[in-house]
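What follows is a set of notes on a single structure, which appears directly below.
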Amino acid sequence: MEYNHRAIEARWQQYWKEAGTYHVEIDKSRPKFYVLDMFPYPSGAGLHVGHPLGYIASDIYARYKRLQGFNVLHPMGYDAYGLPAEQYAIQTGQHPEVTTRDNIARYRQQLDKIGFCFDWQRELRTCDPEYYKWTQWAFIQMFNHYYDTDAAKAMPVSKLVKHLEAHGTDGLHAAATKDLTLTADQWRAMDERQQSDVLMNYRLAYLGNTMVNWCPKLGTVLANDEVSEGVSIRGGYPVEQKLMYQWCLRVSAYAPRLLEGLDRIDWSDSIKETQRNWIGRSEGAEMKFRVAGTDIDLEIFTTRADTVFGVTFMVLAPESMYVDMVTTEDCRNEVSRYIDAIKHKTERERMIDKKVTGVFTGSYAVNPLTGKQIPIWVSDYVLAGYGTGAIMAVPAHDSRDYAFAKKFDLPIIPLIEGADVSEESFDAKSGKMINSASDELDLNGLEVKDAIAATKRFIEQKGIGKVKVNYRLRDAIFSRQRYWGEPFPVYYKDGIPHMLDVDKLPLMLPEVDKYLPTETGEPPLGRAKNWNTPEGYRLELNTMPGFAGSSAYYLRYMDPRNNDALVSKEANSYWRSVDLYVGGSEHATGHLIYSRFWCKFLYDIGEVCEDEPFRKLINQGMIQGRSNFVYRIKDTNTFVSHGLKEQYDVTPIHVDVNMVSNDILDLEAFKAWRPEYADAGFVLEEGKYVCGYAVEKMSKSMFNVVNPDDIVERYGADTLRLYEMFLGPIEQSKPWDTNGIDGVNRFIKKLWGLFYKGDTLLVNDDAPTADNLKSLHKLIKKVTADIEAFSFNTSIAAFMICVNELNQQKCHSRHILEKLIVVLAPFAPHVAEELWHTALGHDTSVVDAAWPGYDEAYLVEKNVTYAVSFNGKARFNIEVPADMQREEVEKTALAHENASKWLDGKTISKIIVVPGKIVNIVLG
RNA sequence: GCUCGAAUGGUGGAAUGGUAGACACGAGGGACUUAAAAUCCCUUGACCAUUGCGGUUGUGCGGGUUCGAGUCCCGCUUCGAGCACCA
């Protein structure tokens with residue numbers, strides 16, 4: 001029998017499907033293991049060769065774990081809501097659901113050809129009402145909970161209401177949009193709408209005012225990357241900053257726990273670091289500066305409490321509520337003009353524009369430590385959204401304050417010994433303090449670190465400030481003015497939002513005539529007719545963003561058809577959380593934060609038993625494209641080979657990589673590619689046309705897309721799987737280069753050659769030799785360790801070595817080959833299954849075999865070579881039995897005929913024996 | 001600017017502080033073949049030597065620790081990633 005990948009792969013894919021080989025159920029007699037891939041967005045372009053990289057790695061791991069006796073959950077589904085389908089719908093009128101369904105069918109076809117062990121009975125689609133029912137359900141739960149900072153967990157809003165009724169805000173420690181102070185009497189005196197507004201200040205899912213890029217012409221909010229120079233990228237319509245009332249999730253409440261949880265999960269340092277940066281914890285102090293001649297206190301946040309003696313002015317963010325309070329009549333016009341000018345800029349423009357601008361409010365603040373009066377300014381370099389939106393400026397030790405002071409000629413007082421602040425500020429947090437003393441507090445001579453601590457202690461004692469931890473993490477804006485997303489389970493009654501009853505879920509996404517905003521500027525859902533509005537009230541017209549559906553999907557896989565709960569207690573307590581999660585690192589500050597937040601919330605309300613969703617995370621690298629170029633001589637139809645292009649004036653042109661092999665262009669295919677190239681001429685090197693290449697993003701326009709289907713058709717899925725893994729470390733980004741795929745294809749053929757020569761079955765029942773056993777056990781040991789370490793490229797190298805050795809040993813022993821096949825099965829399941837059945841005669845699937853252990857006894861070397869060195873320089877080798885004791889090794893080394901030559905009468909000061917490697921004799 | 005990571009042949013990449021370059025591609029040579037493909041064998045970091053043994057040098061740069069450093073430490077350079085008027 002010859003190796004025929006097409007027949008083999010079709011046969012076993014069919015077999016696995018019919019036998020339900022990969023379907024899993026809860027089995028309490030076996031330990032569970034949950035392997036998950038980040039589910040794909042089914043785009044219209046289909047899969048390219050980069051997409052399956054992570055899926056192959058996780059598939060290998062899942063199969064390996066199963067062979068080790070684990071009950072492995074390995075599901076797959078689709079993140080089906082998304083912008084491309086909606087854009088396509090706007091252009092063509094095609095319902096996004098239709099496009100999405102077609103794309104999913106195509107994805108499924110492509111995935112099936114690669115031979116993954118997914119349990120397709122658990123497939124999910126986020127746009128499926130059965131699924132998004134639970135997305136809506138979770139939203140309702142968030143609406144009905146607030147975050148108690150004492151208990152550090154979510155609590156029911158009903159408890160909050162009880163507290164407000166009894167004590168007002170007194171003793172209430174809850175995450176809030178802004179600090180409120182209410183008495184119980186005031187609360188009870190409020191009408192329903194006022195009370196609703198108060199509760200919004202605490203709910204985990206809340207309606208809030210947020211600055212957004214609003215494009216009136218398009219009738220939608222745009223993301224920052226959809227706006228450039230004040231106009232929309234699509235259409236070029238003006239975009240303005242607008243405060244919009246929309247749904248938000250109070251992710252910021254969980255900032256401390258999101259940070260702390262990172263210490264308990266096995267993720268790469270880089271992605272943890274990215275999340276830490278994003279959460280942005282900073283320890284500092286909040287301090288009050290009295291505005292001179294008033295009873296207004298400006299609250300500021302600083303991490304450099306020690307520099308308070310160097311504060312020479314204050315700065316407010318233009319949006320700060322203090323601005324209005326402190327601006328004097330004389331300055332009011334100028335301040336308003338400044339703020340108006342700022343308003344017309346997008347946040348992005350404000351960031352790009354590094355020009356220092358600002359305006360004086362006319363008021364002064366009193367430095368609480370020195371009693372000196374300092375001017376209060378307004379400038380857009382202070383952000384409203386961080387801290388209190390007001391800062392104390394210390395120009396000597398903060399570069400932004402320094403630039404501002406220079407521009408507006410404000411005083412600069414150095415506070416650290418030896419710091420030269422004539423040209424630039426001294427931002428480092430080190431050195432000895434100077435100029436920092438008052439009657440009550442003397443920091444002079446202290447190290448910065450100690451000065452910070454001393455100042456904090458002092459301001460707390462004096463009641464002018466308190467120690468505070470600030471986080472950069474913002475709440476997530478949860479409304480989108482889009483059609484293709486989950487509808488909110490929300491209706492408005494007299495303008496007050498209410499949640500639908502849970503038993504009315506799902507609230508189905510309605511049909512609309514067009515996927516555009518309405519004429520009155522409402523989101524597309526405003527077009528829906530006869531939408532099932534409960535009791536005749538108005539439904540929320542926004543939809544949820546993309547991350548809504550992907551935040552808890554991993555839980556749903558545990559129990560995907562449950563209509564009574566997101567996941568049953570039984571399924572959740574068995575499968576618990578994802579043991580291995582594989583996906584791209586680009587989700588570090590999106591999906592991977594939101595999922596963790598969502599999970600912690602569900603944990604708080606007792607729905608799930610683990611508070612971290614993904615125990616171990618592997619980030620597969622991106623596969624980039626490797627584009628090929630031909631070089632056309634200007635104004636001709638002649639193309640010059642890469643090595644000769646310097647001699648001409650040429651234009652590089654992308655050519656389809658599928659016409660190029662090892663950078664050699666297939667001239668006939670090129671001529672046939674485009675009519676204008678039919679009569680092209682070529683300047684060749686040694687009879688060949690050599691193309692240039694470049695690493696770029698894999699995309700149609702670069703003609704560098706390699707389709708996995710083509711590889712599977714030509715070489716087979718097993719070759720594709722092995723080659724993708726052989727390309728390099730899984731976490732590394734690398735360009736796809738089909739050159740080299742022959743190597744792994746040859747390996748499979750050589751492996752086949754151990755079993756068959758032509759039609760002859762070579763497998764015999766001979767007892768394995770010591771060499772056979774050594775080759776096999778070396779392989780098992782290496783592959784076991786490599787899979788655990790996700791080092792798949794080196795395990796494939798180990799397979800190649802093993803098969804070459806067995807070939808040389810002419811080993812066809814069943815004993816050896818059976819174990820070889822089991823170990824290979826996770827990597828190349830089709831060929832393994834074929835040989836397992838036809839050559840080795842089994843009638844059960846190889847996936848039900850047991851992962852073999854290895855025996856060190858077969859691996860022990862009989863003899864070991866030591867390099868004998870003198871003063872670190874290797875001089876000769878000795879070969880001794882492997883179990884020889886180190887003193888004996890020393891003696892043998894010194895007894896060697898060459899030793900006396902190097903000793904040459906010198907004394908020996910030290911002898912170092914490294915087991916199995918080197919004897920170093922250090923001469924005195 | 002801050003944080004994290006990386007740098008090894010023509011290429012992708014291997015190396016618990018212990019013979020650097022596993023494995024593969026590519027290249028060169030050879031066998032088989034009318035020929036090509038396929039397959040198999042040999043060579044392949046560089047330099048020198050080559051009738052034979054071999055020798056020198058070599059992991060971005062400069063130092064250090066060590067009997068011994070691609071690996072550990074300090075200081076740079078370059079590239080990649082994340083964050084970025086975050087006080």
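Since this is a predicted model, take the numbers as computed values, not measurements. So you know, we letter chains A, B, ... as the sequences are listed, proteins then strands, and number each from 1.
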Taking for each residue the nucleotide of RNA chain B with the nearest heavy atom, is it A:Ser282 or A:Gln732 whose nucleotide lies nearer the 5' end? A:Gln732
Name the residue closer to the 5' end of RNA chain B, choosing between A:Leu727 and A:Ser270 according to the nucleotide with the nearest heavy atom.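 Result: A:Ser270.
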Whole angstrom is fine here: how far is it from [atom1] in [X] over to [atom2] in [N]?
X	N	atom1	atom2	result
A:Lys697	B:G80	NZ	C1'	17 Å
A:Asn745	B:A37	CG	C1'	14 Å
A:Ile664	B:G10	CD1	P	19 Å
A:Lys272	B:C83	NZ	C1'	19 Å
A:Gln808	B:C42	CD	C1'	14 Å
A:Asn807	B:U39	CG	P	14 Å
A:His587	B:A81	NE2	C1'	16 Å
A:Trp267	B:G5	CH2	C1'	18 Å

How far does the [atom1] atom of [N] sit from the matching atom of [M], given to the nearest Å?
N	M	atom1	result
B:G62	B:G54	C1'	33 Å
B:A20	B:G45	P	14 Å
B:G68	B:G82	C1'	38 Å
B:U19	B:U71	P	14 Å
B:G70	B:G58	C1'	11 Å
B:U44	B:U51	C1'	23 Å
B:A69	B:A84	P	43 Å
B:G30	B:A35	P	14 Å

Does A:Tyr386 have a side-chain nitrogen or oxygen under 4.0 Å from the phosphate oxygens OP1 or OP2 of B:A87? yes
Closest heavy-atom pair and its distance - [X], [Y]:
X	Y	result
A:Met725	A:Ile60	CG-CD1, 3.7 Å
A:Lys456	A:Ala305	CG-CB, 4.5 Å
A:Tyr386	A:Tyr471	CE1-O, 3.8 Å
A:Trp377	A:Thr361	C-CG2, 4.2 Å

Whom does [N] pair with, Watson-Crick or G-U wobble, provided both distances fall under 3.5 Å?
N	result
B:U39	B:A31
B:G54	B:C48
B:C2	B:G82
B:U16	none
B:G68	none
B:G75	B:C61

Protein heavy-atom contacts under 4.0 Å, written 5' to 3' over nucleotides 21-27 of chain B as B (base), S (sugar-phosphate only) or - (none), form the string -BBSSS-
May I ask you to say whether A:Glu283 pairs ionically with A:Lys468, meaning some side-chain N is under 4.0 Å from a carboxylate O? no
Charged N-O contact under 4.0 Å between A:Arg276 and A:Asp263: yes
Tell me what A:Pro729 touches on the nucleic acid: a base, only sugar-phosphate, or nothing, going by heavy atoms under 4.0 Å.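 Answer is sugar-phosphate: A:Pro729 comes under 4.0 Å of backbone atoms only.
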Whether over 12 other heavy atoms sit under 6.0 Å from A:Glu424 CD: no
Would one find more than 12 heavy atoms of other residues, nucleotides or ligands at under 6.0 Å from atom CZ of A:Arg714?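 Not more than 12 within 6.0 Å, no.
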Could you walk me through whether A:Asn745 and A:Tyr723 pass the side chain to side chain donor-acceptor pair (under 3.5 Å) check? CA-CA 8 Å; A:Asn745 195 238; A:Tyr723 188 56; over 6 Å; no
Between B:G13, B:U3, B:C85, spot the one nearest the side chain of A:Lys734, thanks. B:G13
Going by the glycosidic torsion and a 90 degree boundary from 0, is the base of B:G9 oriented syn or anti? syn
